[in-house]
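Letters A, B, ... are given to chains in the order of the sequence lines, protein chains preceding strands, and every chain is numbered from 1.
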Amino acid sequence: MRFATWNVNSVKARLPRLLDWLEHTAPDVVCLQETKVAEDGFPADEVAELGYATAAYGQGRWNGVALLSRAGLDDVRRGFPGEPGYPGPEARAISAVCDGIRFMSVYVPNGRTPDDPHYLYKLQWLRVLRDVLAADLAAGPLVVAGDFNVAPTDADVWDPAVFAGSTHVTPPERDAIAALRELGLTDVPARAMKGDHPFTYWDYRAGMFHQNKGMRIDHVYASADLAATVTDAVVDREARKGKGPSDHAPVVVDLKR
DNA sequence: ATGTCCGCTTTCAGCGGA
């Protein structure tokens with residue numbers, strides 16, 4: 001089985017590239033983030049032509065998550081119990097069972113700056129997510145993948161000095177991610193296609209991608225039984241190249257299954 | 001590092017968000 005996660009930064013703007021990438025990568029399940037489209041506007045017909053069923057959760061202008069699967073798509077859950085809002089509900093999590101594995105696509109709040117209310121929202125959202133995942137883990141094999149907006153270590157940003165005082169690297173954010181690992185979710189480390197750092201995000205501005213000044217903020221966490229069957233995991237930086245890319249690259253994972 | 005992109009509205013220009 002092959003699955004992937006990708007923050008596409010608008011599924012409408014990215015549709016030609018998404019379809020091309022699906023054809024060439026041929027994942028069985030895809031977790032998408034920042035689709036920026038309501039459920040009824042998702043290009044489900046277009047991905048269906050490639051054999052994928054869609055479960056989408058969106059609100060229009062911001063956020064939005066989805067699952068694509070050609071391995072079954074059952075028991076879809078949009079959001080999660082007790083999920084904090086800002087102030088109302090936001091489309092940041094969707095999960096479903098594909099071939100016996102529950103996949104959850106998450107788009108963790110950005111946090112903006114450590115003194116912004118959005119930062120506290122981010123931490124609270126991750127706290128509640130942790131409790132939900134504890135229950136999901138008890139129910140069976142689990143993959144949680146998406147844009148966590150957290151760089152777990154200093155090695156996960158291109159220059160730690162630049163990020164001093166910024167979100168994505170603060171101890172409370174890192175602790176919130178560590179709490180997911182402590183549940184028994186295993187970080188599936190993706191290798192870099194090129195260079196030493198498996199960054200998954202590069203700002204559009206200032207030639208950051210070209211200089212490989214990126215961050216590793218898109219992550220895949222798997223229950224231990226699944227993590228033991230991983231045969232490869234890679235950041236597909238080819239998808240960040242060329243005309244009209246997302247600012248994130250997909251992470252592609254292969255399981256012996 | 002702050003050199004772009006996206007979706008929306010105030011729609012051929014500016015804004016919030018990332």
> Do any of residues 148-157 of chain A sit with a heavy atom less than 4.0 Å from DNA chain B, and if so which?
Replying inline: none

> Who pairs with A:Phe3 by ring pair (Phe, Tyr, Trp, His ring centres under 6.0 Å), at least two apart in sequence or on another chain?
Replying inline: A:Phe103

> Expressed in whole Å, how much space separates the P atoms belonging to B:dA1 and B:dG14?
Replying inline: 28 Å

>> I'd like to know if the side chain of A:Asn9 pairs up with that of A:Lys36 as donor and acceptor (distance under 3.5 Å, no hydrogens or angles considered).
In response: yes

> Who pairs with A:Asp116 by side chain to side chain donor-acceptor pair (under 3.5 Å), at least two apart in sequence or on another chain?
Replying inline: none

>> I'd like to check the ring pair (Phe, Tyr, Trp, His ring centres under 6.0 Å) partners of A:Tyr204; sequence neighbours left out, ordered by chain and number.
In response: none

> What's the NE2-C1' distance between A:His210 and B:dA1, to the nearest Å?
Replying inline: 16 Å

> Mind checking the P distance from B:dT2 to B:dG7? Whole angstroms is fine.
Replying inline: 26 Å

> What does A:Phe163 touch in the nucleic acid at a heavy-atom separation under 4.0 angstrom: a base, only the sugar-phosphate, or nothing?
Replying inline: nothing

> Which heavy atom in A:His248 sits nearest to a heavy atom in A:Asp218, and how many Å separate them?
Replying inline: ND1-OD1, 2.8 Å

> Going by the salt bridge (Lys or Arg N to Asp or Glu O under 4.0 Å) test, which pairs reach into residues 124-141 of chain A, not counting sequence neighbours?
Replying inline: A:Arg77-A:Asp136

> Using the C1' atom in both, what is the distance from B:dT10 to B:dT4, to the nearest Å?
Replying inline: 22 Å

>> According to side chain to side chain donor-acceptor pair (under 3.5 Å), does anything in residues 14-23 of chain A pair up with another residue at least two apart or in another chain? List the pairs.
In response: A:Asp20-A:His24, A:Trp21-A:Thr25, A:Trp21-A:Asp236

> Within this structure, what is the CZ-to-P distance between A:Arg240 and B:dT4, rounded to whole angstrom?
Replying inline: 13 Å

> What is the distance, rounded to the nearest whole Å, between atom CG of A:Asn7 and atom C1' of B:dA18?
Replying inline: 9 Å

> If you measure from the C1' atom in B:dC6 to the same atom in B:dT11, how many Å do you get, rounded?
Replying inline: 15 Å

>> Need to verify one output field. Residue with the more 5' nearest nucleotide on DNA chain B, A:Asp147 or A:Met208?
In response: A:Met208

> Nearest-Å distance, CG (A:Asp247) to P (B:dG3)?
Replying inline: 16 Å

>> I need the CG-P distance between A:Asp203 and B:dG3, as an integer number of Å.
In response: 10 Å

> Choosing from B:dA1, B:dG3, B:dA18, which nucleotide comes nearest the side chain of A:Ala206?
Replying inline: B:dG3

Heteroatom pairs (N/O) under 3.5 angstrom, protein to nucleotides 5-10 of chain B:
residue: B:dC6; atom: OP1; partner: A:Arg14; partner atom: NH1; Å: 3.1
residue: B:dC6; atom: OP1; partner: A:Arg14; partner atom: NH2; Å: 3.4
residue: B:dC6; atom: O3'; partner: A:Ser10; partner atom: OG; Å: 3.2
residue: B:dG7; atom: OP1; partner: A:Ser10; partner atom: OG; Å: 2.0
residue: B:dG7; atom: N2; partner: A:Arg61; partner atom: NH2; Å: 2.4

> Salt bridge check: are A:Arg174 and A:Asp154 linked by an N-O gap of less than 4.0 Å?
Replying inline: yes

>> Rounding to an integer number of Å, can you tell me how far A:Asn212 CG sits from B:dA1 P?
In response: 17 Å

> Who passes ring pair (Phe, Tyr, Trp, His ring centres under 6.0 Å) against A:His168, sequence neighbours left out?
Replying inline: none

> side chain to side chain donor-acceptor pair (under 3.5 Å): which pairs involve residues 177-193 of chain A, sequence neighbours left out?
Replying inline: A:Asp187-A:Arg216, A:Arg191-A:Asp232

>> In this structure, how many angstroms lie between the P atom of B:dT4 and the NE2 atom of A:His248, rounded?
In response: 18 Å

>> From CE of A:Met215 over to P of B:dA1, roughly how many Å is that when rounded to an integer?
In response: 14 Å

